[in-house]
Colleague: 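Can you read through this structure? Questions will come right after.
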Amino acid sequence: MGILKNKKQILIILCIFAILVFVVIMYMTYMLKKIENNANNTIKTIVENDANNLKTKITEQKDILNSVANQIVTDNVIDEEKIFDIYDKSYIKSKFIRMAIMYENGKTITNDGFEVNYLDEKENFFSNNQINVFENRISKIDGDEINIYSKKINVNDNNIAILLIVTIESYKDIFSNKIFEGKGFSYIINNNSNIITSSNTDKKTSNMLEDIYKISTNKYKKEFETYKDNLNNNIKNNKSGEEIIETIYGKYYMVYENIGENNWLLATFIPSREIAKESNQALLTTFILSILVILVIISICIYIIISNYKKQLKLYEYAYIDPITKKGNIYYFRKKGQELLENFKTSNLYIAILDINKFKMINKLYGYKIGDEILYKIGEILEENLEKSSIISRYSNDYFSVLFNCNNDLHKQLEEIIEKIENMQIKNVDYKLSVNMGIYKVNKDKSITDIMDKAIIAHNESKGNVYNKYYIYDEKIEKELEIENEIEQSMNEALKEKEFAIYYQPKINIQKNILYGAEALVRWKHNGKNILPNEFIPIFEKNKFILKLDLYIFEQVCQDMKKWKEEYNKEFIISINVSRQHFTEPNFLEKYVEITKKYGINPKNIDLEITESATIDSGINIIEMMKEIKKLGFLISIDDFGTGYSSLSMLQSMPIDILKIDKSFIDLIGKNKKNVVDYILNIAKELELKIIAEGVETKEQRDYLLERKCDIIQGYYYSKPLCKEEFEEYFRFTSF
Ligand code: C2E
Ligand code: CA
Ligand code: CA
């Protein structure tokens, strides 16, 4: 189980992340815009401010010119001394400004006492009555760059031109020298783009557009060609505006503002990176803050996921881990097993189910703590001895189920595991255990339940088998199980429908040559077939249906005996097989007695056959029970005598009447092993019991038994089991 196995959680984290990133991007874009706007506004404000200052300066200069001119006209003075007096009064002297007057004869005198020759400009100065500005002249006095404002006035019918000579230098103080810490620069230009002056000391040309063109990047030069006209037009028409200019020094943000005087414009250039610097700083702060926020949110998410994961792990442990072995439990096995089956590719996958015989006893003997340690150790042994990919679980009590791959010798591997479990050691103490294991080789099966069922079937086969510790599932047991299933399905119906019939096999007293009696043997007539008892009796013994069947047979026999007595006045001893399953049923004899009473049958004519092996079953007090049977008047036979290994002393203490020597001994007659037969016959004689020889088929066998003083014979030599009607014929008409 991975920490982020839950796709939903990953999706949620991704969504949160995406939303955060989106929000951050949006916020940063917004910030960027805002910062940019702020910067633009700042720049515009600076430029507007500068333009205003410039405008004020120009108006001031023009006002001086106007007021001096007006005063001259009012005072009606023409003499230069007096004119300069007016000028001096009106204007605080400045090193940037001087005043001059030009008479009509061309004589030009400055207020500081220079006489200069401005004849070449005379036309300009006297052209009209307006204030005119003449830009970019060189001072004839000191070589400074100057602008000249002129105004023509008429005093006493004389035309005089009043000139105000202003050095370019005088405009420079309007530039904010702190434009982006000196990184920006400005031009004052006229509407022909000619540079009046610039804050930039290294002025390259006299035309701003040429200047821009010079420093434009190659890439931008081409664009600039077309773009220039547009800019040119704006400038020509005194329009304000803003542009981004790409130059070899980087991008510049350019703002140009109409001054409103002299058709001048102020153009300011700020390097974009200076604007960006400010926004970058803000962006960086925002970015770092955003990253911090994202980190905190993501950390919270991860913390929640991890604590959820831990919770899930705990739940997983509760749901899938067996607390004793620390391996999986049944749910784990089913889940993992099912997954494996759905994806499994190898051809050597096996499922094994194993348990410890009489594990309850181990718990009782050593205590639950040791019991738990043994279970834990089994888990460990399985893990150590199987491939890593194996799925190991304890699915209940002492039952383990394992899915494993085995490419080598399966038998060797199983034997090793069994050996290790059966001889385990815990804290230096040896424990002897007995294991049974059922194995099924997975073959295209897709359901864990199916393969578990098959392993359980194989396990059941191995159960209680001391010699074969493990059993590998094969088709045969499945067929048998199918039949068993079918039999179980139809047995109750069969009893109701009277499908069970009784056959009687005669028993002949060969000494007296008379009919001694018969054994009642059940037959099942099912769907037109005669099923022999060996096929269904073992199943009925397992599922206890034999209790019902035996009682039914007993009643049928009693009914027949009643009929024979009444109709033919015949009474003989009929033996009836009693399954060992009755012995553990309380009061089973009561029902038998009841039936004999119902049909008026004397119990001394009924011989109950009990197999020798049933008498040595440790779970029952067989002698007490036999005494009970004898008390009620029934005869008792020991069936299949010789096959059960009962002791002589035990037989002596049993109140029995007859020994039925098993067919396997009779078969030895004629095979030169008569001494074994003799030995069995001698035991019977020693016990002073009546002997019946079963399964006599040949004359040789009969003759030998006759010679050995064996009284009664049952077998095909005389007759096969007969149905009721045949048996009636037999006892009425046969002579021996
Ligand atoms: P069993 O009690 O030992 O019965 C004797 C079996 O030997 C009978 O088989 C009988 O048909 C067979 N047999 C007799 N003489 C010969 C012979 O000369 N040669 C050969 N080859 N077989 C001979 P059957 O009827 O098939 O019964 C088999 C077993 O089923 C019986 O063995 C008995 O243990 C059990 N059984 C039969 N009927 C009942 C019944 O009603 N109740 C119970 N509990 N068991 C029954
Ligand atoms: Ca029998
Ligand atoms: Ca028998």
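Numbering of ligands and ligand atoms starts at 1, following listing order.
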Colleague: Less than 6.0 Å separating the ring centroids of Phe731 and Tyr568?
Modeller: yes
Colleague: Looking at Phe572 versus Tyr504, is the centre-to-centre ring distance below 6.0 Å?
Modeller: no
Colleague: Looking only at side-chain N and O atoms, does Tyr516 offer a donor or acceptor that is under 3.5 Å from a partner on Asp711?
Modeller: no
Colleague: Verify whether the ring centers belonging to Tyr366 and Tyr431 lie closer than 6.0 Å.
Modeller: yes
Colleague: Between Glu609 and Lys507, is the closest basic N to carboxylate O distance under 4.0 Å?
Modeller: yes
Colleague: Pick out which of Tyr395, Tyr399, Tyr471, Tyr440 makes a ring-ring contact (aromatic ring centres under 6.0 Å, His included) with His459.
Modeller: Tyr399
Colleague: Show the distances, to 0.1 Å, for all pairs joining an N/O atom of ligand 1 and a protein N/O atom that are shorter than 3.5 Å, listing one pair per line.
Modeller:
{"from": "ligand 1", "atom 1": "2 (O)", "to": "Glu519", "atom 2": "OE2", "distance (Å)": "3.1"}
{"from": "ligand 1", "atom 1": "2 (O)", "to": "Asn577", "atom 2": "OD1", "distance (Å)": "3.1"}
{"from": "ligand 1", "atom 1": "2 (O)", "to": "Asp639", "atom 2": "OD2", "distance (Å)": "3.0"}
{"from": "ligand 1", "atom 1": "3 (O)", "to": "Asp640", "atom 2": "OD1", "distance (Å)": "3.4"}
{"from": "ligand 1", "atom 1": "3 (O)", "to": "Glu694", "atom 2": "OE2", "distance (Å)": "3.3"}
{"from": "ligand 1", "atom 1": "15 (N)", "to": "Gln505", "atom 2": "NE2", "distance (Å)": "2.9"}
{"from": "ligand 1", "atom 1": "18 (O)", "to": "Tyr716", "atom 2": "N", "distance (Å)": "2.8"}
{"from": "ligand 1", "atom 1": "19 (N)", "to": "Glu697", "atom 2": "OE2", "distance (Å)": "2.6"}
{"from": "ligand 1", "atom 1": "21 (N)", "to": "Glu697", "atom 2": "OE2", "distance (Å)": "3.3"}
{"from": "ligand 1", "atom 1": "22 (N)", "to": "Tyr716", "atom 2": "OH", "distance (Å)": "3.3"}
{"from": "ligand 1", "atom 1": "25 (O)", "to": "Arg523", "atom 2": "NH1", "distance (Å)": "2.9"}
{"from": "ligand 1", "atom 1": "25 (O)", "to": "Arg523", "atom 2": "NH2", "distance (Å)": "3.0"}
{"from": "ligand 1", "atom 1": "38 (N)", "to": "Val522", "atom 2": "N", "distance (Å)": "3.1"}
{"from": "ligand 1", "atom 1": "42 (N)", "to": "Asp550", "atom 2": "OD1", "distance (Å)": "2.8"}
{"from": "ligand 1", "atom 1": "44 (N)", "to": "Asp550", "atom 2": "OD1", "distance (Å)": "3.2"}
{"from": "ligand 1", "atom 1": "44 (N)", "to": "Asp550", "atom 2": "OD2", "distance (Å)": "3.3"}

Colleague: Out of curiosity, Tyr717 OH to Glu697 CD, how far, rounded to the nearest 0.5 Å?
Modeller: 12.5 Å
Colleague: Testing Asp355, Asn468, Asn460, Asn357 for side chain to side chain donor-acceptor pair (under 3.5 Å) with Asn436, which one passes?
Modeller: Asn357
Colleague: Got a donor-acceptor contact below 3.5 angstrom from the Lys660 side chain to the Phe641 backbone?
Modeller: no
Colleague: Donor-acceptor pair, Asp445 side chain versus Asn443 backbone, under 3.5 Å?
Modeller: yes
Colleague: Number of protein N/O/S atoms less than 3.0 Å from the Ca ion (ligand 3)?
Modeller: 4
Colleague: Looking at the Ca ion (ligand 2), which N/O/S atom of Glu519 is the nearest one?
Modeller: OE2
